[in-house]
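Structure record follows, encoded as structure tokens.
Remember, predicted model here, so these are calculated numbers, not experimental data.
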Amino acid sequence: MKTFFCVFAFIAALLQITVPASAVEPIKISKEDTALDLTRAVQIMHNQGDTVQISTAPGADGIVRRIEVQADKDKRSSGNWAAFAIANPTDEQIDRLIVAPHYRLVKSGFVWPDLGSQRISSITPSEGFALDRQVSPDADVFLITINPGSVITLVAEMASPNLPQLYLWEPDAYKDTINSYTLYRGILLGISGLLALFLTILFVVRGTSLFPAAAALAWAVLAYICVDFGFWNKLIAITPGNEQMWRAGTEVALAASFLIFLFTYLNLNRWHDHFSYGAVAWVLGLMMLSGVAIFDPPIAAGIARISFALTVICGIVIIGILALRSYDRAIMLIPTWLLIAIWMTGAWLAVSGRLDNDIVQPALGGGLVLIVLLIGFTVMQHAFAGGVLRVGLFSDMERQALAVIGSGDIVWDWDVPRDRVVTTPDISTYLGTAAASLLGPVRNWLPVMHGDDRDRFRTTLDAILENRRGRIHQTFRLRANDGHYHWYHLRARPVIGSDGEIVRCVGTLHNVTEQKKAEERLLHDAVHDNLTGLPNRELFLDRLANVMSMSYNESRLKPTVFVIDIDRFKQVNDSLGMSAGDTILLTISRRLFRLMKPQDTLSRLSSDQFGLILASESDPAKVAAFAEALRQAIRAPISYAKREIVLTASVGLLTWTANAANAEDMIKDAELAMYQAKRFGGDRIEPFRPSFRAIGSDKLQLESDLRRAIERKEITIAYQPIVNLQDGTIAGFEALMRWEHPRRGPISPSEFIPIAENSGLIVPLGLFAMQQSANDLFNWQENLSRPNLFVSVNLSSTQLIRQDLLSDVRAILSRTHVTKGTLKLELTESVLMENPEQSAHMLNELKSMGVGLSLDDFGTGYSSLAYLTRFPIDMIKIDRSFVKGDKPQKATLLRSIIRMAQDLELKVVAEGVESEQDAMQLREMGCEYVQSFLFGQPMTAENAARLLNGQTVE
């Protein structure tokens with residue numbers, strides 16, 4: 001039956017069929033009733049069309065009649081109707097006002113709020129004419145006169161779907177209520193306006209971020225209560241429909257300004273960047289919501305109310321956390337936030353309908369003004385307490401006291417007549433001793449002071465008292481309760497009394513322990529090796545000089561100087577890495593140290609070279625035994641990474657004699673003996689002999705001549721051809737340095753290149769080789785039309801680790817303009833592996849400039865395959881050891897290397913080809929280039945040009 005009725009009602013609505021409504025129950029009124037709430041007695045009828053039939057309430061005769069009411073033809077019908085009945089059982093005529101408020105916060109809703117509108121278009125009584133509308137900006141008011149003993153049924157044509165509240169007011173009582181609320185609202189508007197203006201003025205005067213945030217919140221509250229109190233209607237013509245947009249806009253502004261104030265006041269951006277990102281996103285969302293308020297005010301208002309509630313909840317959490325951390329702003333905001341939480345609770349009770357009296361809405365408006373008032377007080381309190389408005393008001397004495405407190409120094413005050421020292425704060429707390437243990441006479445300081453500082457401290461104070469002037473600048477050590485000493489620096493000056501005597505000494509005591517430790521570390525590092533902690537060369541020389549000076553006065557003291565160099569230690573670094581080399585050096589230093597006695601000295605002179613002063617033995621036999629013990633200690637196997645490493649050493653030694661000139665000469669002679677031991681194959685002990693000086697001086701002379709060889713144009717570049725196996729043409733050259741000494745004639749690169757690397761001359765030599773090779777290559781490419789011709793220049797490890805290499809190569813390329821990739825830098829695997837990370841970085845930079853990169857001696861190191869793809873190599877040179885000989889494995893190895901290079905798109909050059917048969921075999925395997933004396937000797941640039949031009953080389 002219920003379903004049938006629903007269907008019938010739906011069809012009737014479509015066909016605009018008039019559906020009669022049931023009779024309504026009348027509300028009885030009396031003369032004493034000033035206001036009656038008719039909301040629950042109203043019968044609402046939706047979608048009834050332009051005409052509605054109502055069964056009236058039983059009249060005085062008990063008859064129920066039916067009336068039909070037509071919608072106003074001049075207005076658009078909503079199809080929604082409301083019916084209610086009023087009975088006057090008295091014998092007097094009663095006048096009443098029917099009031100339907102446009103907006104009430106009570107029961108307005110939280111998520112999708114009812115923001116108010118015109119509620120009733122017209123009211124038709126069951127007898128008589130339609131009721132007259134009374135003028136009212138914020139409610140629909142109709143005057144009705146009820147005769148004695150009559151029952152009137154009223155049918156209201158609704159202008160909106162909802163009728164939240166309907167009241168029956170006695171006219172004078174309604175007027176008095178409106179007047180009283182008008183006074184209350186005026187007071188609130190005045191207070192909130194003054195607050196907003198006052199905070200704005202403070203913002204203009206001071207400009208700190210607190211005041212604009214608080215002022216924005218005050219203006220938002222003012223705008224909200226102006227809309228709520230209907231004040232804007234007196235300034236701007238706002239229709240009931242547009243009022244929803246204004247109300248939603250002010251609620252969005254209130255939510256946004258409230259969030260900004262919380263963020264700004266608590267200075268949340270200093271705690272974490274995420275607070276800033278979240279707040280900015282939140283405020284931007286609310287700003288976008290203000291646009292939504294134009295099109296759909298209920299959605300905008302609902303989201304704004306949710307935002308306000310979330311801000312209050314987040315504020316409770318954040319303020320609680322920061323207050324526990326003793327953040328003063330959070331602590332000062334607690335009372336304000338408690339009031340805000342209470343206000344939000346009351347607002348929630350009102351909009352949900354749990355609190356529904358007429359006083360709630362004005363009270364909540366007053367609560368907002370009270371919140372702004374408390375916020376303004378809090379902001380001002382913080383400004384005055386934090387010194388925002390008191391900058392520059394401190395006295396000189398206050399500033400000096402604050403400066404001392406801020407520096408963290410201890411005030412040291414010595415009352416001389418009473419001999420009482422007071423420190424503020426008590427220095428005993430820093431030393432961990434009993435409280436006030438150092439308060440009192442100066443002599444109380446002497447027991448805790450370091451023995452080396454007591455006399456100096458006492459003498460300084462006595463001098464001040466005797467001379468009655470001066471300053472105290474004293475650094476001393478005080479012993480803490482744990483036995484450790486702390487360094488303190490005392491700066492004080494005497495205060496002279498009227499009688500010319502010192503009455504006080506006042507100053508500051510500063511803890512300089514960390515500074516002293518840093519100085520000690522710097523002094524230690526300046527004369528000690530960072531890896532082993534042993535004395536470095538400078539300290540070794542100083543100690544040797546001291547021992548030598550003592551030897552002149554003590555005949556039994558004849559020190560012996562040892563210089564120990566680890567043989568082939570560079571191979572250890574190349575194969576195992578620098579970290580393994582450092583570990584091995586530490587092991588060797590510990591072994592050598594265990595052989596020494598307290599009067600002996602061990603030092604690390606250079607990377608793999610140690611120096612030793614043997615002062616505990618002077619007998620030649622014991623010195624020789626000690627030297628052998630050194631050699632055996634180094635020869636003992638060292639376990640590292642599940643392998644045993646056996647090292648040997650070349651040892652040179654020299655025993656002091658009265659003819660010794662100085663410590664530097666003794667070390668040089670011991671080094672000459674060590675170098676002689678290396679020439680004999682290493683793993684050898686060699687005493688110094690004067691004949692070694694001639695050998696050493698020859699090496700020094702060669703280094704001196706090499707320094708001037710470039711200036712004298714003794715260094716030249718020879719080019720060895722690199723031949724293409726496919727057609728027999730010259731594809732490029734390898735640049736080789738040659739030295740024509742004016743007296744000694746040609747000097748082999750194997751002799752002068754090591755000298756250049758050890759002395760640092762390899763850098764200018766390498767730069768000369770690159771520049772000259774690039775010039776010759778450009779001339780060949782330009783004059784002989786050979787743009788793809790290339791030249792390979794060898795690069796040492798010293799050059800590779802220099803940052804200036806990149807700028808040097810860039811300058812060479814900009815001057816010569818050779819074809820990209822034709823100037824190649826050639827490196828060995830050992831050079832790359834000295835510092836793989838740095839090498840990879842430098843090679844990538846060189847590759848990006850357009851420099852080709854070639855890997856020489858491929859296959860001789862351990863790291864070839866592991867790092868071949870890591871470095872941007874475009875050419876590899878197969879070492880001659882793979883090409884020579886007739887071993888059956890040779891062809892297999894060569895074929896594997898060539899195939900791997902082809903897969904990696906690398907060019908292959910085979911070195912040391914001795915026969916045409918080997919060349920043909922390499923060609924069949926796919927090798928592209930060969931380089932050997934069979935295909936061309938190193939030649940000058942002129943001969944290379946003739947060879948490229950097809951002419952016979954002289």
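Counting heavy-atom neighbours within 6.0 Å of M849 CE, excluding the residue itself, gives a total above 12. Surrounding NZ of K668 are at most 12 heavy atoms belonging to other residues, nucleotides or ligands under 6.0 Å away. Enclosure of atom CD in E554 by more than 12 non-hydrogen atoms of other residues, nucleotides or ligands within 6.0 angstrom is indicated.
No side-chain N or O of Q771 forms a donor-acceptor pair with one of D808 less than 3.5 Å apart. Remark: the D567 side chain and the S650 side chain contain an N/O donor-acceptor pair separated by less than 3.5 Å.
Here the CZ-CD1 distance, from F768 to I715, works out to 7.5 Å after rounding to the nearest 0.5 Å. Atom CD1 in I873 sits 5.5 Å away from atom CG in L843 (nearest 0.5 Å). Here the CG-OG distance, from D542 to S603, works out to 11.5 Å after rounding to the nearest 0.5 Å.
A salt bridge links R631 to E628: at least one charged side-chain nitrogen sits closer than 4.0 Å to a carboxylate oxygen.
Under a 3.5 Å cut-off, the side chain of R738 and the backbone N or O of P938 do not form any donor-acceptor pair. Under a 3.5 Å cut-off, the side chain of D600 and the backbone N or O of S616 do form a donor-acceptor pair. The backbone N or O of L539 sits less than 3.5 Å from a side-chain atom of N536, completing a donor-acceptor pair. Between the D874 side chain and the L906 main chain, no donor and acceptor come within less than 3.5 Å of each other. A donor-acceptor pair under 3.5 Å links the side-chain atoms of S848 to the main chain of E845, judged by distance alone. Put simply, the side chain of S854 never gets that close to the backbone of L825: no donor and acceptor are under 3.5 Å apart. The main-chain N or O of G926 is found under 3.5 Å from a side-chain atom of Q902 such that the two form a donor-acceptor pair.
Minimum interatomic distance between A910 and L922 (heavy atoms only, all atoms of both residues): CB-CD1, 3.6 Å. Between L777 and L823, the shortest heavy-atom distance links the atoms CD2-N, 4.0 Å. Closest approach of F871 and A840 over heavy atoms only: CE2-N, 3.6 Å. Closest approach of M939 and P721 over heavy atoms only: CE-CG, 3.7 Å. Minimum heavy-atom separation, S932 to V913: OG-O, 2.8 Å. The nearest pair of heavy atoms linking R556 to S618 is O-OG, 3.5 Å.
Considering T940, D776, N943 as possible partners of Y719, the one that fulfils the side chain to side chain donor-acceptor pair (under 3.5 Å) test is D776.
A 4.5 Å side-chain heavy-atom check between L544 and T601 finds every atom pair outside the cut-off. The closest side-chain heavy-atom distance from F933 to Q720 is below 4.5 Å. Using a 4.5 Å heavy-atom cutoff, the side chains of S589 and L534 are in contact. Between L706 and E714, every side-chain heavy-atom pair lies at or beyond the 4.5 Å cut-off. V809 places none of its side-chain heavy atoms less than 4.5 Å from the side chain of M842. Proximity of L586 to T532: side-chain heavy atoms (C-beta onward) are separated by under 4.5 Å at one or more points.
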Report task. Evaluate side chain to side chain contact (heavy atoms under 4.5 Å, CB included) for I667 paired with F540, printing each intermediate quantity in order. Result -> CA-CA 10 Å; I667 291 180; F540 185 77; 3.5 Å; yes

